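One structure is given below, encoded as structure tokens.
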2 protein chains.
Amino acid sequence: MTQRPSKKTTILEVAAEHFSRYGYDATHLEAIAKACDISKPAIYYHFRDKAALYEAVLLERFTALAKVIADNTKSDDPVENLSSYIHTFGTFLVETPCFSAIFAREIADGARSMPESCIVELSKTLNTLASILESGKRQGVFDCENPFMIQMMIVTTLTSYSTTRPLREKVSSVLAEVDRKIDPRLEDITDNLSQKIIKALTC
Amino acid sequence: MTQRPSKKTTILEVAAEHFSRYGYDATHLEAIAKACDISKPAIYYHFRDKAALYEAVLLERFTALAKVIADNTKSDDPVENLSSYIHTFGTFLVETPCFSAIFAREIADGARSMPESCIVELSKTLNTLASILESGKRQGVFDCENPFMIQMMIVTTLTSYSTTRPLREKVSSVLAEVDRKIDPRLEDITDNLSQKIIKALTC
DNA sequence: CTATAATTACTTACCGATAAGTAAGGAGAC
DNA sequence: GTCTCCTTACTTATCGGTAAGTAATTATAG
């Protein structure tokens with residue numbers, strides 16, 4: 001028997017959709033409440049304020065991300081680990097659709113208002129990547145790289161590809177010349193990106 | 001004799017700073033007015049409303065970007081053109097500091113509220129890149145690529161690197177292990193990215 | 001076993017701050 | 001005088017947050 005999700009879980013899920021779609025400021029608690037079929041103060045029963053709700057949504061996802069990344073990069077081969085890092089991230093985005101836009105918005109914002117707890121989780125994933133690059137360098141397969149830059153290449157290419165679906169449609173309707181070929185899925189872009197980055201990094 | 005900029009120009013410049021730093025919703029016209037040392041309705045004299053001011057800021061920059069990109073990719077060599085495309089974009093970001101965050105925020109938003117006029121300018125730059133890749137394919141130096149994906153790799157890596165300065169500081173203070181090497185300048189990242197993308201694309 | 005107390009999980013009704021936008025008028029250039 | 005470019009003073013809507021109350025469940029005392 002499948003248990004019905006608790007109200008708190010529902011709020012978190014719906015809030016993620018709204019923060020993803022509209023951003024922090026344009027997300028209205030009243031709208032979340034309506035979508036959950038509860039009253040606005042019911043949200044305040046479960047969460048101290050809007051910022052706390054946002055932090056809960058964020059932390060849940062960053063924690064899960066750090067975990068799957070750590071779990072899937074345990075090989076001894078740096079190239080395999082790097083490939084797995086990228087694929088794991090791509091898969092996470094596919095399975096956690098709201099995360100792309102939330103993350104992309106945070107990056108655009110310089111993560112100025114990102115809670116410390118999330119910074120810690122994010123640092124873990126960066127640390128994982130830095131270790132992979134470092135071991136690759138020791139084994140002579142990679143040159144010395146700036147982990148943050150590589151992280152940005154991976155993370156922003158995939159999150160942005162995920163958020164720009166509406167943009168791609170608009171652009172391709174403007175560009176009649178450019179053939180409107182079928183829009184690749186994020187999974188395919190992930191695989192493509194993985195190959196490109198490995199080609200670019202291996203010496 | 002250097003002419004003092006008009007009030008309208010000042011508003012546009014200050015507005016760009018605010019939209020860049022705070023995003024559309026958290027940008028307050030009262031704050032812009034104060035920074036310009038004028039009253040809020042003075043803004044309404046020059047611009048119909050907040051959305052029109054934002055559109056003016058956006059269009060100014062997207063138009064300038066499309067122009068410099070077009071002007072600097074006129075070689076016959078696709079590799080040279082691609083390198084120049086990336087370097088021109090990087091230089092534009094350095095010289096137009098507010099643009100990175102504004103662009104990154106729009107991408108995170110899926111450019112849902114981006115005015116048609118800006119979509120057109122943005123499409124031009126994408127078209128330029130598509131032509132470069134196409135001519136490279138014809139000349140047998142590039143494989144068949146998805147222009148939008150390559151565009152995302154270039155644009156988001158550089159804009160995000162530019163916006164994430166505060167994040168990089170926070171992260172490196174969390175990660176005591178990872179050596180806190182000097183933070184590369186955007187110019188260096190641009191050059192690095194150009195080399196990587198060319199290596200990844202040339203067959 | 002039941003009466004009562006306490007806790008959980010909400011509701012309705014409201015407040016106050018804020019920020020977009022407007023009405024009306026004034027100073028100075030030509 | 002009138003046009004441009006602005007000011008002060010205001011209206012209005014929205015939205016985060018709160019106060020106060022309530023139904024349903026659970027724990028506890030006698």
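Letters go in sequence order (proteins before strands), and every chain restarts at 1. Not measured: the values here are computed from a predicted model.
Put simply, OH on B/Y24 is 14 Å from P on C/dA19, counting in whole angstrom units. Here the C1' atom of nucleotide C/dT11 and the NZ atom of A/K34 are 16 Å apart, to the nearest Å. Atom pair A/R48:CZ and D/dG16:P shows a separation of 15 Å (rounding to whole Å applied). D/dC15 atom C1' lies 12 Å from atom CD1 of A/I32, rounded to whole Å. Between B/D37 atom CG and D/dC6 atom P the separation is 12 Å, expressed in whole Å. The interatomic distance linking A/K8 (NZ) with C/dC10 (P) rounds to 11 Å, in whole Å. The nearest whole Å value for the distance from the CD1 atom in B/I43 to the C1' atom in C/dT22 is 14 Å. Going from atom CG of A/D25 over to atom C1' of D/dT14 covers 14 Å, rounded to whole Å.
Judged by a 6.0 Å distance limit and a 45° cone about the ring axis, A/R112 is not positioned over the six-membered ring of B/Y22. A cation-pi arrangement is present between B/K8 and B/F47 under the rule of less than 6.0 angstrom and at most 45 degrees off the ring axis. At least one cation-pi condition fails for B/R61 and B/F99: the charged atom is not both under 6.0 angstrom from the six-membered ring centre and inside a 45 degree cone around its axis.
Residue B/H46 has a polar side-chain atom (N or O) positioned under 4.0 Å from OP1 or OP2 of D/dC6. Side-chain nitrogen and oxygen atoms of B/H28 include at least one within less than 4.0 Å of the OP1 or OP2 phosphate oxygen of C/dA20. For D/dC6, neither phosphate oxygen OP1 nor OP2 lies less than 4.0 angstrom from any side-chain nitrogen or oxygen of B/Y45. Look at A/K7 and you'll find a side-chain N or O under 4.0 angstrom from OP1 or OP2 of C/dC10.
Counting only heavy atoms from C-beta on, B/Y44 has its side chain closest to C/dA20 among D/dG16, C/dA20, D/dC5. Which of D/dC15, C/dC10, C/dA19 sits closest to the side chain of A/A42 comes down to C/dC10. Checking D/dG17, C/dG21, C/dA13 against every side-chain atom of B/L29, the shortest atom distance belongs to C/dG21. The side chain of B/P41 lies closest to D/dA9 when the candidates are C/dT11, D/dA9, D/dG16.
Aromatic rings of B/F62 and B/F103 (six-membered ring for Trp) have centroids within the 6.0 Å cut-off, being under it.
Residue whose closest nucleotide on DNA chain C sits further toward the 5' end, between A/I38 and B/K50: A/I38.
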> Between B/D109 and B/R105, does a salt bridge (Lys or Arg N to Asp or Glu O under 4.0 Å) hold up when you go through it step by step?
Replying inline: CA-CA 6 Å; B/D109 203 53; B/R105 287 180 200 279; over 6 Å; no
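With hydrogens and angles left out, the side chain of A/K40 and the base of D/dG17 share a donor-acceptor pair within 3.5 Å.
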